[in-house]
Colleague: 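Dropping the structure in here first, questions after.
As a basis for the values below, the full set of heavy atoms in this structure was taken, side chains included, without hydrogen atoms, waters or symmetry mates.
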Amino acid sequence: MDLNLAQTNLQLYVQLRRAGASQAEIYTMQKDYETACMLFGTLCRSTGRPFLCHAAGTASAALHEGAEFIDVRAALLHAAYKHGRFPDGKKKSTPRHKAWLTQRVGPELADLLTVYSGFSFTPEDVRGYIASDNVPDDLTLRLIRLKLANDVDDSHSFGAALGHKARYQDPTWLTLRKELSEKLGFANSAKAFAQALEECGDADWLDTQTEFVRVGYLRSIVNQTFRAITGKDR
C-alpha cells in the first residue's frame, strides 16, 4: 500500500483539486507554500530530504484523512515555530514571530499553529488515547490527526529506517501510532504506519548511518538589515 503522498507544492495542488478544493482555496495554499519557503527553504530532514517536501507530505497525509482545508493548511506549516527560521534569523514562538505569521496566514491559522506547537503527543499520551474509553473532543481530534499526518510523512518511503531519531529505534513508536490510527478511524494512516514497520525490517540495502547537514547558512547582519529596510521580509 502506498499513499502516494505529495512531495512538492505542485503535487499538493493537484491532490487538492482532485479532492474538490475551490480555486480560491488553491490560491490560498499557494500563498501558504510561499510562507513555507520563507520558513523552511534552507532546511533538510535527517534523511537528507528537503524540509519543504516534508511540509507538502504532511499536508498531503492530512488531506488523505479527510481534514478540513484549514487543517491541511496547518499541516503544511505545522513546524513553523519548531523549525521555521523567521526573518530575524531566529526560531520559536515569540510575539514578533506570531505577528509576522498572522500577517501572512491570518489569525485563525496562526492561532491553530500556536496550539499545535504546545500539544503534547508523547508515547505516554498516545497510550492514554488508545486506552481511554472517551472520544477526544473536536479540537483534540484535529490536533491528533495533524500529529499523525506529520509522522506518516516522516516515516514514509523508508524515512523511519533512515531517520536519525531515537524514537525510530523503538518499533513500538510506530506500532502505537498504528493502533491509535485504527482506533480513531484513520485508516490510511494506520496502513502507512504498518508499511513503515515493514520497511524498518527491509532496510539492509540502505546506508542508514549517513547523516546530512540540516541547517543552511544564516543571512549576514548586513543582508538581514537590507531586507528589513527594503521590506523584503514582510
Side-chain angles (χ1 to χ4, degrees), residues 6-13 16 21-46 49-63 67-121 139-140 142-147 149-151 153-154 213-234:
Q7 293 294 287
T8 70
N9 58 320
L10 300 181
Q11 291 169 336
L12 181 60
Y13 304 153
L16 281 165
S22 68
Q23 186 179 53
E25 287 174 329
I26 294 176
Y27 284 173
T28 296
M29 188 61 73
Q30 286 180 264
K31 292 294 186 182
D32 288 343
Y33 187 77
E34 181 182 51
T35 301
C37 288
M38 298 171 77
L39 291 169
F40 313 128
T42 63
L43 304 181
C44 286
R45 304 297 281 158
S46 61
R49 186 165 57 119
F51 202 100
L52 286 170
C53 296
H54 171 58
T58 302
S60 179
L63 187 56
E68 296 294 327
F69 182 65
I70 185 69
D71 289 352
V72 177
R73 296 178 66 198
L76 180 75
L77 294 166
H78 70 279
Y81 290 125
K82 184 175 181 180
H83 296 295
R85 190 73 63 177
F86 285 82
D88 60 5
K90 299 179 181 179
K91 299 190 295 185
K92 297 185 178 180
S93 176
T94 68
R96 184 178 180 182
H97 291 169
K98 185 173 181 180
W100 180 87
L101 193 59
T102 300
Q103 185 181 40
R104 295 283 312 177
V105 305
E108 182 182 6
L109 180 53
D111 288 344
L112 180 56
L113 292 171
T114 299
V115 174
Y116 175 87
S117 68
F119 184 67
S120 179
F121 203 59
L139 177 58
T140 300
R142 291 168 63 193
L143 292 170
I144 289 174
R145 178 164 48 195
L146 288 174
K147 288 288 186 179
N150 168 63
D151 295 331
D153 179 77
D154 205 29
V213 175
R214 300 174 60 188
V215 180
Y217 295 110
L218 300 182
R219 297 173 183 145
S220 68
I221 296 297
V222 173
N223 184 261
Q224 289 185 49
T225 303
F226 173 77
R227 291 177 66 86
I229 292 174
T230 58
K232 292 182 180 291
D233 282 333
R234 294 175 186 172

Colleague: Please answer whether the main-chain N or O of Asp153 pairs with a side-chain N or O of His54 as donor and acceptor at a distance below 3.5 Å.
Modeller: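 No, because the side chain of His54 does not come within donor-acceptor range (under 3.5 Å) of the backbone of Asp153.
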
Colleague: May I have the step-by-step check of side chain to side chain contact (heavy atoms under 4.5 Å, CB included) for Arg85 and Lys90, ending in yes or no?
Modeller: CA-CA 5 Å; Arg85 190 73 63 177; Lys90 299 179 181 179; 5.6 Å; no

Colleague: Does the side chain to side chain contact (heavy atoms under 4.5 Å, CB included) test come out yes or no for Trp100 and Asp88, once each step is laid out?
Modeller: CA-CA 11 Å; Trp100 180 87; Asp88 60 5; over 6 Å; no

Colleague: Hey, could you give me the CG/CG distance between Leu76 and Asp71, rounded to the nearest 0.5 Å?
Modeller: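 CG of Asp71 is found 12.5 Å from CG of Leu76.
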
Colleague: Could you pull out the closest heavy-atom pair between Ala79 and Phe40, with the gap in Å?
Modeller: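 In this case the closest contact between Ala79 and Phe40 is O-CE2, 3.5 Å.
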
Colleague: Taking all heavy atoms of Phe86 and all of Lys92, pick out the closest pair and write down the distance.
Modeller: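 Shortest heavy-atom separation between Phe86 and Lys92 comes out as CE1-O, 4.1 Å.
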
Colleague: To the nearest 0.5 Å, what is the distance between CG on Leu12 and OH on Tyr33?
Modeller: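 Those atoms lie 9.5 Å apart.
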
Colleague: Decide side chain to side chain contact (heavy atoms under 4.5 Å, CB included) for Thr58 and Asp154; before the verdict, give the C-alpha distance in whole Å, the side-chain angles of both, and the deciding distance to 0.1 Å.
Modeller: CA-CA 8 Å; Thr58 302; Asp154 205 29; over 6 Å; no

Colleague: Search all heavy atoms of Leu39 against all heavy atoms of Ala80 and return the closest pair with its distance.
Modeller: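 That would be CD1-CB, 3.9 Å.
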
Colleague: Could you list the residues that satisfy side chain to side chain donor-acceptor pair (under 3.5 Å) with Asp151, not counting sequence neighbours?
Modeller: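 Asp151 satisfies side chain to side chain donor-acceptor pair (under 3.5 Å) with Arg177 only.
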
Colleague: Can you sort out the partners of Thr114 under side chain to side chain donor-acceptor pair (under 3.5 Å), two or more places apart, ordered by chain and number?
Modeller: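 Thr114: no side chain to side chain donor-acceptor pair (under 3.5 Å) contacts found.
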
Colleague: Can you check whether His83 and His78 have ring centres sitting under 6.0 Å from each other?
Modeller: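 Between His78 and His83, which both carry aromatic rings, the centre distance is not below 6.0 Å.
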
Colleague: To the nearest 0.5 Å, what is the distance between CG on Leu52 and CZ on Arg49?
Modeller: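 Interatomic distance, Leu52 CG to Arg49 CZ, rounded to 0.5 Å: 10.5 Å.
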
Colleague: Got a salt bridge between Glu68 and Arg142, using NZ or NE/NH1/NH2 to carboxylate O under 4.0 Å?
Modeller: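 Salt bridge absent between Glu68 and Arg142.
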
Colleague: Mind listing the closest non-hydrogen atom pair of Ala75 and Ala62 along with its distance?
Modeller: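 So the minimum-distance heavy-atom pair works out to CB-CB, 3.9 Å.
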
Colleague: Hey, what do you get for CZ (Arg73) to CG (Leu113), rounding to the nearest 0.5 Å?
Modeller: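 So the CZ of Arg73 and the CG of Leu113 are separated by 9.0 Å.
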
Colleague: How close do Ser60 and Ala6 get, counting heavy atoms only, and between which atoms?
Modeller: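 Closest pair (atom of Ser60, atom of Ala6, distance): OG-N, 3.0 Å.
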
Colleague: Are Thr28 and Phe69 side-chain neighbours, meaning at least one heavy-atom pair lies under 4.5 Å?
Modeller: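 Yes - at least one pair of side-chain heavy atoms lies under 4.5 Å apart.
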
Colleague: Side chains of Phe51 and Arg45, heavy atoms from C-beta outward: is any pair under 4.5 Å?
Modeller: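 Side chain of Phe51 against side chain of Arg45, heavy atoms only: contact under 4.5 Å found.
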
Colleague: Looking at CZ of Phe121 and CG of Leu143, how far apart are the two atoms once the value is rounded to the nearest 0.5 Å?
Modeller: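 One gets 10.0 Å once the value is rounded to the nearest 0.5 Å.
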
Colleague: Determine the minimum heavy-atom distance between Ala110 and Tyr81, stating which atoms define it.
Modeller: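 The answer is O-OH, 4.3 Å.
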
Colleague: With Lys147 as the cation and Tyr116 as the aromatic partner, state whether NZ or CZ is under 6.0 Å from the six-membered ring centre and within 45° of the axis.
Modeller: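 Here Lys147 passes the 6.0 Å and 45° test against Tyr116.
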
Colleague: Tell me, do Asp32 and Arg104 make a side-chain contact under 4.5 Å, heavy atoms counted?
Modeller: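 No - every pair of side-chain heavy atoms lies 4.5 Å or more apart.
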
Colleague: Quick one, Tyr27 with Gln30, criterion side chain to side chain contact (heavy atoms under 4.5 Å, CB included). Give me CA distance, side-chain angles, the key distance, then yes/no.
Modeller: CA-CA 5 Å; Tyr27 284 173; Gln30 286 180 264; 3.3 Å; yes

